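Notes to accompany the following structure.
Worth saying up front: this structure is predicted, and the values here are computed from it rather than measured. Remember, it's 1-based here, ligands and their atoms both numbered in the order they're listed.
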Amino acid sequence: MNRMDTRHALFPIVQGSMFPDLRRECAQAMLELDAEGYAIGGLSVGEPRPLSLEMVATTEAILPRTRPRYAMGVGMPEELAEYVALGVDMMDCVLPSRNARNGCLFTSQGRVIIKHARYKDDARPLDPACTCYTCAHYSRAYLRHLYLAGEMLYAMLATRHNIRRYLDIMREIRDAIVSEHILST
Ligand SMILES: [Zn+2]
């Protein structure tokens, strides 16, 4: 069966810890599989970020440019553009949902730690620039109340917002790439 007939795609995972030679050796071996895409694994396991980025750069240089690359387990909102600049097409991470549940919300203006007293009477939406359901319907003060009360609704609303923030960042990056392409042609 032609693998492209299915909606699924198998991505082999390039490993090699923090050793560039092992990363290169693994990536070379994976090329023989002629896969639909390639994953870069073993990142965000406690290593310094510059080392993580170095491993991505080392691996990416070997992987075919015509296939999507997927960096596993990254990253913070401010890091996404860096990974894209290194040639990464997709990422996944627990951060938007885990941080949301723990009271850390990502906005276009920076982070909001919702438990802080300064939000007690703050009637503004979490992020005025965001069009998500949470920001359209609930105030910072109400989200803070839900968080402090331990209401499950808080986790749902906060997660919904943080995931939207990540999607917005990736959309902005895609738009920037398209604009750059148009300007350069
Ligand atoms: Zn929002």
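Listed for the Asn162 side chain is no donor-acceptor partner under 3.5 Å among the backbone atoms of Leu95. With Glu82 contributing its side chain and Glu79 its backbone, the two residues share no donor-acceptor pair below 3.5 Å.
Of all non-hydrogen atoms in Arg144 and Ala117, the two that sit nearest each other are NH2-CA, 3.7 Å.
The environment of CD in Glu25 is sparse: at most 12 heavy-atom neighbours from other residues, nucleotides or ligands sit within 6.0 Å. Crowding of Leu51 atom CG: a count of heavy atoms from other residues, nucleotides or ligands under 6.0 Å exceeding 12.
Of all protein atoms, those of element N, O or S that lie under 2.8 Å from the Zn ion (ligand 1) number 4.
Annotation: salt bridge (charged side-chain N to carboxylate O under 4.0 Å, His left out) contacts of Arg118 (sequence neighbours excluded): none.
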